[in-house]
Amino acid sequence: MKEHEKFMRMAIELSKQNLSGAAGGPFGAVVVKNGEVIAASANKVIQENDPTAHAEVSAIRLACQQLGTYDLTGCVIYTSCEPCPMCLGALYWAHIDTIYYGNTKVDAAEIGFDDHFIYQELELPMHQRKLQIIQLLRDEAISAFKLWAGSESKKDY
């Protein structure tokens, strides 16, 4: 358990360091494989003008570059806060084995980072959501899927 605490403290320290200047929000994440830190990042949303540059997503990107793969099977992540829906989705897609987190989504909501509305939106039919979602040109778009399905060079991920 001491090793887990060491890596979590690294993520927490990143979240604190990120508060100086206009770097970003109080979030940090560390990706570890076989007891070795592969990547570490704080939230970079403001710094990079990128709403997807949350600490977890940024750490995933760095880890994939470091390992030369899009598959982080065998890796775990230590994040200073319970992942938001976007980060959770990214962690599933990256095939992270385990998520360790510090603060809860309720803790985050109490300081203004409230993802509850996203969870509520996902429960609604698309036509009732606040963000308009409109299907267009499916018959044309499906051609790429058909090409993929029959491709000999496709790589499943």
Side-chain angles (χ1 to χ4, degrees), residues 7 11 14-15 18 22-34 36-157:
F7 296 128
L14 282 167
S15 73
N18 208 44
F27 304 97
V30 177
V31 176
V32 174
K33 185 171 187 175
N34 299 326
E36 179 184 336
V37 174
I38 303 301
S41 184
N43 176 290
K44 297 180 179 183
V45 170
I46 295 170
Q47 177 184 349
E48 295 186 3
N49 291 316
D50 180 352
T52 69
H54 290 197
E56 297 93 335
V57 171
S58 296
I60 288 169
R61 290 173 181 160
L62 291 170
C64 288
Q65 290 170 1
Q66 179 69 24
L67 296 174
T69 183
Y70 52 82
D71 185 345
L72 297 180
T73 298
C75 294
V76 299
I77 192 164
Y78 299 84
T79 178
S80 63
C81 187
E82 182 177 357
C84 74
M86 176 186 70
C87 292
L88 186 59
L91 291 162
Y92 273 104
W93 279 113
H95 304 285
I96 291 280
D97 289 358
T98 306
I99 301 167
Y100 294 92
Y101 68 94
N103 296 312
T104 68
K105 61 186 175 184
V106 173
D107 296 331
E110 288 175 358
I111 62 164
F113 294 95
D114 191 356
D115 299 323
H116 185 68
F117 78 97
I118 296 173
Y119 292 106
Q120 289 177 319
E121 286 283 300
L122 291 173
E123 294 296 320
L124 295 173
M126 279 196 244
H127 70 277
Q128 291 181 1
R129 295 180 186 172
K130 290 183 176 123
L131 177 62
Q132 285 189 1
I133 303 172
I134 302 165
Q135 187 175 24
L136 187 64
L137 298 177
R138 180 189 179 271
D139 291 343
E140 292 179 34
I142 200 73
S143 63
F145 281 13
K146 289 178 180 177
L147 289 170
W148 170 261
S151 173
E152 292 180 20
S153 63
K154 77 177 177 182
K155 194 170 187 179
D156 291 332
Y157 58 94

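Note: hydrogens, waters and symmetry copies are ignored here, and every other heavy atom, side chains too, is used.
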inquiry  = For the SG atom of Cys87 and the CD1 atom of Ile96, what is their distance to the nearest 0.5 Å?
reply    = 11.5 Å

task = Look up atom CD1 in Ile133 and atom NE2 in His127, then write down how far apart they are to the nearest 0.5 Å.
result = 11.5 Å

message = Suppose we screen for ring pair (Phe, Tyr, Trp, His ring centres under 6.0 Å). Which residues come up paired with Phe7, at least two apart in sequence or across chains?
response = Tyr78

note = Of all heavy-atom pairs linking Gly25 and Phe113, the shortest is CA-CZ, 4.4 Å

request  = Locate the shortest heavy-atom distance separating Ser15 from Ser80; write the atom from each residue and the value.
outcome  = CB-OG, 3.6 Å

ask   = What is the minimum heavy-atom distance between Leu88 and Ile99, and which atoms define it?
value = CD1-CD1, 3.8 Å

inquiry  = Tell me which pairs pass salt bridge (Lys or Arg N to Asp or Glu O under 4.0 Å) where either residue lies in residues 61-88, with sequence neighbours left out.
reply    = Asp50-Arg61

message = Distance to the ring centre below 6.0 angstrom and angle to the axis at most 45 degrees; does that hold for Lys155 and Tyr70?
response = no

ask   = Would Val57 and Met86 satisfy side chain to side chain contact (heavy atoms under 4.5 Å, CB included), going step by step from the backbone distance to the final call?
value = CA-CA 9 Å; Val57 171; Met86 176 186 70; 4.1 Å; yes

Gap separating the OG atom of Ser151 from the CZ atom of Phe145, nearest 0.5 angstrom = 14.0 Å

message = For the OG1 atom of Thr73 and the CG atom of Leu67, what is their distance to the nearest 0.5 Å?
response = 11.0 Å

remark   = NE2 (His54) and CD1 (Ile60) are apart, to the nearest 0.5 Å, by 12.0 Å

key: Gap separating the CG atom of Asp97 from the NE2 atom of His95, nearest 0.5 angstrom   = 10.5 Å

key: Polar side-chain atom of Asn18 near backbone of Asn43 as donor-acceptor pair, under 3.5 Å   = yes

ask   = Who are the side chain to side chain donor-acceptor pair (under 3.5 Å) partners of Gln120, not counting sequence neighbours?
value = His116

note = Correct closest heavy-atom pair for Lys44 and Ser58 would be CD-OG, 4.1 Å

request  = Could you go through the side chain to side chain contact (heavy atoms under 4.5 Å, CB included) check for Leu14 and Ser41 one step at a time?
outcome  = CA-CA 7 Å; Leu14 282 167; Ser41 184; 5.8 Å; no

inquiry  = I need the minimum non-hydrogen distance between Tyr119 and Cys84, along with the two atoms involved.
reply    = OH-C, 4.3 Å

ask   = Is the side chain of Thr79 donor-acceptor paired with the backbone N or O of Ala29 at a distance under 3.5 Å, no angle test?
value = no

Worked check of side chain to side chain contact (heavy atoms under 4.5 Å, CB included) between Lys130 and Phe117 = CA-CA 10 Å; Lys130 290 183 176 123; Phe117 78 97; 5.6 Å; no

task = Find out whether Pro26 and Ile111 are in side-chain contact, i.e. whether some heavy atom of one side chain is under 4.5 Å from a heavy atom of the other.
result = yes

query = So does Gln128 have more than 12 non-hydrogen atoms from other groups sitting under 6.0 Å from CD?
reply = yes

key: Closest non-hydrogen atom pair between Ala40 and Leu62, with its separation   = O-CD1, 3.5 Å

request  = Take Leu124 and Glu121, measure what side chain to side chain contact (heavy atoms under 4.5 Å, CB included) needs, and give me the verdict at the end.
outcome  = CA-CA 5 Å; Leu124 295 173; Glu121 286 283 300; 3.8 Å; yes

